[in-house]
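So the structure is just underneath, and the comments pick up after that.
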Amino acid sequence: MLVIRSSRLPPSIISAGGKRLRPGIVLLLSRALSPDGDLSGRHRRLAEITEMIHTASLVHDDVVDEASTRRGVDTVHSRFNHRVAVLAGDFLFAQASWHLANLDNLEVVKLLSRVIMDLADGEVKQGLYRYDTGQSFETYLEKSYCKTASLIANSARAAGVLSGLPEPQLDDLYRFGRQLGLAFQVVDDILDFTGSDQQLGKPAASDLASGYLTAPALYALEERPALAGLIEREFSESGDLDQALELVRSSQAIQRSRALAEGFANEARDALNWLPQSECRSALLALPDFVLSRLY
Ligand code: GRG
């Protein structure tokens with residue numbers, strides 16, 4: 001993948017790296033599914049495409065959320081401006097689409113195009129339900145699927161397509177990615193309440209402050225009716241946000257969210273039981289625990 005580096009440039013979202021979870025899954029699946037543990041060139045390209053799509057979505061997301069930092073560095077729009085950030089995100093989406101088309105596999109093109117549709121859909125859903133205390137838990141999970149799990153699920157399935165797997169196993173790969181992605185998003189949502197700015201690489205408690213109601217807030221609303229009033233008036237009075245955070249943190253919401261993430265992580269692990277023994281299989285089966293370990 002083309003990466004522009006210069007010692008004179010300050011760190012960017014690309015050089016800051018991130019966890020590279022999504023390409024890691026595609027690379028591990030490629031090796032785990034190959035009889036001699038090889039990594040094919042097409043799987044390598046698919047891995048690059050998944051990270052390009054992910055990075056593009058982060059750049060756009062930071063514009064929408066007006067976020068100042070990401071991966072511990074200034075966001076593109078805060079370093080340059082909104083116009084540059086939107087164009088940089090578009091550029092990455094366009095590059096990803098070009099390399100995707102050049103894989104010459106219509107099924108893979110369909111899977112990854114669907115992801116880009118889901119990302120946009122998830123972002124719209126999230127915007128529509130801001131500060132909406134009446135939203136269902138199902139709406140939250142649908143949004144989480146679109147914004148996070150779809151990319152992991154469909155790229156895992158696409159890795160299986162490139163390996164020539166039959167339909168039932170493709171379904172298992174999709175299920176692995178979907179449940180892992182949901183676990184990952186719930187963990188991310190918990191960390192927003194429990195992590196520090198430094199741990200997160202972005203401001204803590206920013207979801208609730210922006211009116212995004214995630215698993216901890218939705219569970220807390222069931223236990224603490226006073227929380228609804230604070231959210232509905234959009235934390236407009238001084239001390240509202242701190243009071244809301246205290247209501248969430250003093251309820252069972254974090255424990256219940258943790259149990260939800262553990263359930264998704266277990267389902268992800270079960271979906272890959274059939275993979276033949278290899279180091280890559282062991283690494284893939286360790287991923288659900290890695291996702292949960294971010295909580296401890
Ligand atoms: C498709 C035109 C078009 C727009 C995209 C903005 C947008 C619509 C979608 C946003 C999707 C988004 C940013 C979801 C967040 C997913 C998430 C949990 C990101 C954090 O992932 P990590 O922790 O990040 O893996 P690192 O930095 O490790 O890569």
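This is a predicted model, so every value here is computed, not measured. Counting convention: from 1, in listed order, for ligands and their atoms alike.
- One finds no salt bridge joining Asp74 and Arg79 here, because no Lys/Arg side-chain nitrogen approaches an Asp/Glu carboxylate oxygen to under 4.0 Å.
- In this structure, Phe137 has its ring center closer than 6.0 angstrom to the ring center of Tyr219.
- Side-chain contact between Thr55 and Arg71 is present, with heavy atoms from C-beta onward closer than 4.5 Å.
- Residue Ile116 approaches ligand 1 through these ligand atoms, each under 4.0 Å from one of its heavy atoms: 1 (C).
- Closest protein heavy atom to atom 27 (O) of ligand 1: Arg71 NE, 2.7 Å.
- Taking 4.0 Å as the cut-off, Leu21 does not count as a neighbour of ligand 1 on heavy-atom distance.
- Distances between N or O atoms of Arg22 and those of ligand 1 include at least one value under 3.5 Å.
- Of the protein's non-hydrogen atoms, the one nearest atom 6 (C) of ligand 1 is Asp61 N, 3.4 Å.
- The side-chain heavy atoms of Thr148 and Ser150, taken from C-beta on, include no pair separated by under 4.5 Å.
- Closest to atom 5 (C) of ligand 1, if we only count protein heavy atoms, is Phe93 CZ, 4.0 Å.
- Ligand 1 has a nitrogen or oxygen under 3.5 angstrom from a nitrogen or oxygen of His54.
- The protein non-hydrogen atom at the shortest distance from atom 19 (C) of ligand 1 is Leu58 CD2, 3.7 Å.
- Annotation: side chain of Arg281 is not in contact with side chain of Leu272 (no heavy-atom distance under 4.5 Å).
- The closest protein non-hydrogen atom to atom 4 (C) of ligand 1 is His60 ND1, 3.7 Å.
- Looking at Leu21 and Leu287, their side chains come closer than 4.5 Å, going by heavy atoms from C-beta outward.
- With a heavy-atom cut-off of 4.0 Å, Gln185 touches ligand 1 through its side chain alone.
- In this structure, atom 16 (C) of ligand 1 lies nearest to the protein heavy atom Thr148 OG1, 3.5 Å.
- When heavy-atom distances to ligand 1 are checked against a 4.0 Å cut-off, Leu119 comes that close through both its backbone and its side chain.
- Between Tyr212 and Arg130 the shortest side-chain heavy-atom distance falls below 4.5 Å.
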Check step by step if side chain to side chain contact (heavy atoms under 4.5 Å, CB included) holds for Asp132 and Leu213. CA-CA 8 Å; Asp132 182 349; Leu213 307 187; 5.5 Å; no

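- Residue contacts with ligand 1, taken as heavy atom pairs separated by less than 4.0 Å, involve Glu123 solely via side-chain atoms from C-beta onward.
- Using a 3.5 Å distance cut-off with no hydrogens or angles, the side chains of Arg157 and Asn154 do not pair a donor with an acceptor.
- Annotation: atom 12 (C) of ligand 1 to nearest protein heavy atom, Lys147 CE, 3.5 Å.
- The pair Arg294-Asp188 meets the salt-bridge criterion, with a side-chain N (NZ, NE, NH1 or NH2) lying under 4.0 Å from an Asp/Glu carboxylate O.
- Set against the non-hydrogen atoms of Gly18, the atoms of ligand 1 under 4.0 Å away are 26 (P), 27 (O), 28 (O).
- Remark: ligand 1 and Lys19 share an N or O pair separated by less than 3.5 Å (distance only, no angle test).
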